[in-house]
Amino acid sequence: MKNQNQNSIAMAIKSFNTPINIINLLSSFFLFACGITCGIIFTFYFKNFSVNLQVINGQISNYSSLNSQPLSPPPSPLPRSIIPRLGLNEYIKPINVEHDMSDEELFWRSSMVPKVKEFPFKRVPKVAFMFLTRGPILLSPLWELFFKGNEGFYSIYIHSDPSYNQSQVDESSIFHGRRIPSKEVEWGKINMVEAEKRLLANALLDISNQRFVLLSEACIPLFNFSTIYTHLINSTKNFVETYDQPGPVGQGRYHPRMSPTIKLPQWRKGSQWFEMDRDLALEVVSDQTYFSIFKKHCKGSCYADEHFLPTFVNMKFEKRNSGRTLTWVDWSKGGPHPTRYYRSDVSVEFLKKLRSESSCEYNGKKTSVCHLFARKFTPHALSRLMIFAPKVMQFNH
């Protein structure tokens, strides 16, 4: 009976323990599965971490490797003896007159002005002789005598018709290679003023040019070089002829549409053959307001070359201007052109008369030296001029 009870208890206990074993088994399986899952996750994580660390270490290693390499030393400077000089001398060196600049480029370049007035180098002021011609300088042998021995005190610029072949000028002549890029010019038209501005602009490119004289192929000097040079360099005034002339050939040429910038009472007339200093030359070249008005409205019988500069200078720079021209010319016979002079007209007495027949003011004092140049002389007059000039004008002094 006792054994039977014991077996019953054992069976009860066994039947009671059976669910516990299943639960334990399931718990163990669950823990095992979690372990495997965690293992897989941690294995993947540490694998990526290892790869990233290798990449980072590689970048650091490469960066360290680059920085650990020695820098190449800079190239050794050239000895001063072989360094090309690009200093002030290159800047102030005159530009070749046979350049390829357009008018717009030329006017812009020539209008540049340094604000520092004192020159940091020794400068010999020069006179720019600007010839406005159709072709060659017809009286060039006379001018050759005039300029001889005075190199370094003058510059020459020639504006001739584009059709003129400058190769005809002898290479030994002072006029050789002095022709600027030129355009066609018509008598009395606005392109005559454009040619004058073109000459001024080219002459301004040489910073040593201080005075600027406009001449034609029919002009002659009335004094030797030293006299004319001294007279111009020491002058306190400009020489642009200006006067008010009523009637059809004066005020009658004014166009009402020029107002209000240019009014009739401001309209002036004068000779186109001027002489001016550098400051005024810069103003003429850089002006766009007044010239554009002339270009638009001064046409036909207006004759811009007789009115633009006289009007412009009288309006803007009257106090700095003498109001007269330095070039003698005879209009007594009337007509659109002045008197021409031929061989028979040239004599010692005639040349002396041109040199001292007038009275004018120079630097606040009275003087008889009122004209330094004269026109219109033909090539036929050259032979007698070559005979009398050395004596009367003292070209050898």
Side-chain angles (χ1 to χ4, degrees), residues 103 130-135 159-162 182-201 212-219 238-259 261-276 280-281 283-285 287-318 321-340 371 373-377:
D103 282 352
M130 308 178 301
F131 291 86
L132 181 57
T133 73
R134 293 184 180 88
H159 187 295
S160 59
D161 191 274
S182 306
K183 295 184 179 181
E184 185 179 359
V185 172
E186 301 172 86
W187 178 74
K189 300 293 182 64
I190 191 68
N191 53 24
M192 181 83 75
V193 180
E194 290 176 332
E196 295 172 5
K197 293 182 64 174
R198 204 171 291 124
L199 280 164
L200 281 172
F212 304 79
V213 185
L214 182 67
L215 302 161
S216 75
E217 69 267 42
C219 289
N238 295 296
F239 297 92
V240 178
E241 187 176 48
T242 62
Y243 57 90
D244 185 11
Q245 184 177 12
V249 296
Q251 293 181 0
R253 296 175 178 175
Y254 171 80
H255 199 298
R257 291 185 179 178
M258 292 183 173
S259 181
T261 305
I262 302 173
K263 300 178 181 179
L264 179 58
Q266 299 170 317
W267 184 255
R268 292 294 183 272
K269 183 178 179 179
S271 170
Q272 76 174 112
W273 311 108
F274 61 80
E275 193 284 331
M276 62 180 62
L280 182 54
E283 297 289 348
V284 173
V285 166
D287 164 66
Q288 293 180 325
T289 301
Y290 297 92
F291 181 74
S292 63
I293 291 176
F294 265 82
K295 193 170 185 178
K296 186 176 182 179
H297 299 296
C298 189
K299 299 178 180 180
S301 60
C302 177
Y303 303 111
D305 56 297
E306 294 184 6
H307 293 280
F308 171 69
L309 272 179
T311 301
F312 175 71
V313 172
N314 187 72
M315 288 181 62
K316 303 283 291 183
F317 312 101
E318 181 182 10
N321 186 43
S322 65
R324 61 186 178 89
T325 179
L326 293 177
T327 301
W328 186 92
V329 64
D330 183 9
W331 289 97
S332 62
K333 295 182 179 181
H337 300 286
T339 302
R340 291 176 177 266
H371 300 104
F373 311 96
R375 64 188 306 268
K376 265 183 155 181
F377 289 82

[X] side chain to [Y] backbone, donor-acceptor under 3.5 Å:
X      : Y      : value
Thr327 : Ala374 : no
Lys269 : Val249 : yes
Ser271 : Glu241 : no
Asn238 : Val240 : no
Thr311 : Arg268 : yes

Report task. Decide yes or no on side-chain contact (heavy atoms from CB on, under 4.5 Å) for Phe274 and Leu200, but give the supporting numbers first. Result -> CA-CA 11 Å; Phe274 61 80; Leu200 281 172; 4.1 Å; yes
Nearest non-hydrogen partners of [X] and [Y], listed with the distance:
X      : Y      : result
Ala195 : Leu132 : CB-CD1, 3.8 Å
Met315 : Thr261 : CE-O, 3.4 Å
Ser160 : Ser182 : O-CB, 3.0 Å
Gly270 : Tyr243 : CA-CE2, 3.8 Å

Query raised in the report: Given the side-chain rings of Trp267 and Phe294, with only the six-membered ring counted for Trp, is the space between their centroids under 6.0 Å?
Result: yes
Query raised in the report: Does the ring center of Phe308 lie less than 6.0 Å from the ring center of Phe291?
Result: yes
How far does [atom1] of [X] sit from [atom2] of [Y], to the nearest 0.5 angstrom?
X      : Y      : atom1 : atom2 : result
Tyr254 : Leu264 : OH    : CG    : 6.0 Å
Met192 : Trp187 : CE    : CH2   : 8.5 Å
Phe312 : Thr242 : CZ    : OG1   : 13.5 Å
His159 : Leu199 : NE2   : CG    : 6.0 Å
Phe212 : Leu280 : CZ    : CG    : 10.0 Å

Requested in this report: Could you tell me whether Glu186 atom CD has more than 12 heavy atoms of other residues or ligands within 6.0 Å of it?
Outcome: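 Yes, the 6.0 Å shell around CD holds more than 12 heavy atoms from other groups.
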Requested in this report: Please lay out, stage by stage, how Lys376 and Ser216 fare under the test side-chain contact (heavy atoms from CB on, under 4.5 Å).
Outcome: CA-CA 9 Å; Lys376 265 183 155 181; Ser216 75; 5.6 Å; no
So do the side chains of [X] and [Y] get within less than 4.5 Å of each other, counting heavy atoms only?
X      : Y      : answer
Phe373 : Glu275 : no
Met258 : Cys298 : yes
Leu309 : Gln272 : no
Asn191 : Lys183 : no
Glu184 : Asp161 : yes

Query raised in the report: Tell me, which pairs form a side chain to side chain donor-acceptor pair (under 3.5 Å) where one or both residues lie in residues 291-303, sequence neighbours left out?
Result: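 Residue pairs with at least one partner in residues 291-303: Glu194-Lys295.
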Query raised in the report: Who are the disulfide bond (SG atoms under 2.5 Å apart) partners of Cys219, not counting sequence neighbours?
Result: none
Requested in this report: Please assess Leu215 against Met130 for the test side-chain contact (heavy atoms from CB on, under 4.5 Å), listing each intermediate value before the final yes or no.
Outcome: CA-CA 6 Å; Leu215 302 161; Met130 308 178 301; over 6 Å; no
Query raised in the report: Do Asn314 and Gln266 pass the side chain to side chain donor-acceptor pair (under 3.5 Å) test, and can you show the C-alpha distance, the side-chain angles, and the key distance before you say yes or no?
Result: CA-CA 8 Å; Asn314 187 72; Gln266 299 170 317; over 6 Å; no
Report task. Could you give me the CA-CA distance, side-chain angles and deciding distance for Asp287 and Lys316, then say whether salt bridge (Lys or Arg N to Asp or Glu O under 4.0 Å) is met? Result -> CA-CA 11 Å; Asp287 164 66; Lys316 303 283 291 183; over 6 Å; no
Query raised in the report: Would Met276 and Phe317 count as a side-chain contact (heavy atoms from CB on, under 4.5 Å) if you check the C-alpha gap in whole Å, the side-chain angles of each, and the deciding distance to 0.1 Å?
Result: CA-CA 11 Å; Met276 62 180 62; Phe317 312 101; over 6 Å; no
